[in-house]
Amino acid sequence: MFKTVSLAVVSALCISASAVAAPHSVSGIILTYDLNKDESLPLEEFVDARRARFNASDSNKDGVLDESEYVYEWEGKVEKRLAEDRKASVKQTHIRFHAVDSNDDEFITIDEVNAVGERSFSRMDSDNDGVVALGDPEPAPRRSASQEKDDKPELVQRPMLRMPTSHNIEGFVTLYDPNGDEKVTKEEFHAVRKAQFQRTDENSDDKLTEQEYVLEFEDRLDAQIEKTHEGQIKQTYVRFEVLDTDENGKMTFSEYMVSGFNAFHRYDTNGDGYLTLADPAPAPRQQEQSDTTTAQVSE
Amino acid sequence: MVGRFLLYLAVFTASYAVKAELYVFPAPSPEATSHTLNTEITLYEEQTFSAIEQKNIDLLIKDTYQTLDKSNTTSALSEINRRFEGTLPVWLYSAIKRCEDWFNRTEGNISCRNGELYNYWEEYIQGKHDLSRREVRRLARVARIADVNFNDDNSVAFASPIQWDLSEFTASLAVDRIAHYLISLNIRSYHISAQGLETHASNQGFSWQGSVAQEAVTQTGRATDAVSNPSTIAFIRPWQRPVLSTSKLASLEKGVLSHSDGWPSAKFQSISVADNAFEAMLLAHFSATKTAQQAMELVNANPSLALKLVDENGRVFTSNTYTARTSGKNKAEKNGHAISIDITLPLFDIADYRGPYVSVWISDEKNRLVKSLALRGTSERWLGELRTWWRRVGRKNEGLVDGFAGATKKNAPLHIEWDGLDDFGQSANSSSLILHIEVAREHGGRSYEKIPFTFDSLTSPITVTGTDEIASITLSLMN
């Protein structure tokens, strides 16, 4: 009986979470709504900016947003951000090519791939048992270049386009565990990377040019963009239905602001009515995790 | 319908007028007239065309357009594309073969194989399907890796993903066929212009200034860009150019289609010089879509080519011989000053040796950037380690890094020729200049040298021995 109730609570949480249309980070919200660019967002400025955005989305000027106006506005933003993320990602791929090409001869050989692979495998295998398995300890976080240069936090929009990562245990195992036993041996790891090398090597001359390397990555990137775009749009329709609380197919400004205020208060962790980078990060959302975790939270 | 005009052209290198005759050949089909210009031929030295010669030229132009028109299903090109083999007219066989030479030199970044890709774009413009970036990349790839065999009897056989398509180069091939015909008539002094292409040959050594030059004048405010020796200039300004246009429709997407990934790109306005129109046009296409480094490396390795690129901010990049090729004089005479800079870098015998990041630039006395000369390395993380350069130049000029930065190259020496023009193609205002060289290496050190100089002080070369990451720098005036 208790279990049923808590699950109902959980699903309600899920819906309200997906109803937050605003960006999912304090940086993102400040970048989107801080019109005077002073890196501080008081509540009034936030409401004004949301009002302006609401009015801009209301293309037939009837004072409410219908579903198509709402989705259209968001789709434009999604496409712009995906295009920016794509550009940054491709640029990074060129840089990665040169990082892997350790002898600077403009080709990547399987030996160079393996040299990088050895390093990343041993980084992930922090308990040194020769296997990376689900449940292994996560590797120590890397210090990024920006951290080295300057410890001041910066306003950064979190990328909307995210590729599968091999930098945490779960991502690593997902990418390199073809037989599905939830662990990756070094042999499996190198075999997967070798297969990828051969797929990338268009003309089968056992070395990768920068072009081959980048084109192969762009294929995966564009597949991910299509998936992200589709997911974002689908979610926007769901969000409209949730926010349109009276279900009349028309979103009023106050319905629109429900999600806005949710986001504002969630990230204004020190409760001073201003969103700044000084606000400590809120507790991570729990509903995205497994059922057991969520059940504990709802108790 | 051939128009004929008598002209007196002002000549720039000599102060007398030369009698010249202009013939205008209209574009051959209604389809072509919607987006192509007439072909104009100027003859110098009292030469004229007979009526039959004009008719022959008209026929050459018509034949070129009709052969390369994809909607003409009975053309020789359509025929081999249907059968994946066959024999071609000599001019077309030669064009495809030259295109394949470029294909091999540029890893497929210049290609005449992309008929399927262009068809896909055309269907997209007609609203027959959506545009998928993965699909265009796939179409470019399957054509790129397909096999092709050329035989000495002008026949060719190839795998089906290849569909030869030279329609973007129609005007240039017509110009080349005309030039070939003029030479057979023993006409050695002529000028042909068509659709952004200017071909010039002369045995008199005088210069001319065509429509490309006017464009360049408005860009730079200088009367440059005239060509003396037999050369062709091709010109592409990609930003407002539809990727593909047919008689009825043009794509909303702007730019030049990259032959390697099928996607439009518009990095540079490109002015390319080659000894024939077709290759000038191939180079113009290629360089509009690539980084300045990639294009300049290709051009500087090939004496028959020269190139000038202008980015959206008006920043100019020229190949080593561009100024000399387009001025009719050498660089020093042209601009008053031209210098060469040679930099050697030490080799460190260590296991994790990575090629250093290098920047070479010229500033005025107040450290204001005059000209960026070289930039090795693309990662902003490491470019930031070129601290002097980053502080004064890099962080303010994002476009410069994107379009200009190239790969590191171990300790390969740098040879740079500078024509005395600044980043925007103007003569350097200041006579007191400073050459800056900064080198930074992962796991290594950082070295920075600056050498103040004036052109007058360079009568004998300046050589400086560097420290740590820089071995030596030599600065000398070019003859």
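Labels below follow one simple rule: chain letters A, B, ... track the order of the sequence lines, proteins then strands, and each chain is numbered from 1.
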(request) Using a cut-off of under 4.5 Å on heavy-atom pairs, state which of A:I225, A:L221, A:V214, A:T209 scores highest against chain B. (result) A:T209
(request) Mind running side-chain contact (heavy atoms from CB on, under 4.5 Å) on B:E107 and A:E212 for me, showing each step along the way? (result) CA-CA 10 Å; B:E107 204 184 350; A:E212 286 173 334; 4.0 Å; yes
(message) Measuring only between side-chain heavy atoms, which start at C-beta, is B:R138 closer than 4.5 Å to A:D219?
(response) no
(request) Give, as side chain, backbone, both or neither, the part of A:R86 having an atom under 4.5 angstrom from any heavy atom of chain B. (result) side chain
(message) Looking at chain A, which one of B:R141, B:K410, B:R137 has the largest number of heavy-atom pairs inside 4.5 Å, strictly under?
(response) B:R137
(message) Under a 3.5 Å threshold, yes or no: a donor from one side chain and an acceptor from the other, between B:D261 and A:Q211?
(response) no
(request) Answer yes or no: are there more than 12 heavy-atom neighbours, outside A:E138 itself, under 6.0 Å from its atom CD? (result) yes
(message) Within the 4.5 Å heavy-atom criterion, are B:R133 and A:E226 side-chain neighbours or not?
(response) no
(request) Answer yes or no: are there more than 12 heavy-atom neighbours, outside B:F150 itself, under 6.0 Å from its atom CZ? (result) yes
(message) Around atom CD1 of B:I350, are there more than 12 heavy atoms from other residues, nucleotides or ligands closer than 6.0 Å?
(response) yes
(message) Does B:K254, at its NZ atom, have more than 12 non-hydrogen atoms belonging to other residues, nucleotides or ligands within less than 6.0 Å?
(response) yes
(message) Looking at B:D130, I'd like to know if its CG atom is crowded, meaning that more than 12 non-hydrogen atoms belonging to other residues, nucleotides or ligands lie closer than 6.0 Å.
(response) no
(message) Any heavy-atom pair between the side chains of A:L215 and B:R144 that's under 4.5 Å?
(response) yes
(message) Only heavy atoms, only distances under 4.5 angstrom. Which residues in residues 90-107 of chain A are near chain B?
(response) A:K91, A:I95, A:H98, A:A99, A:D101, A:S102, A:N103, A:D104, A:E106
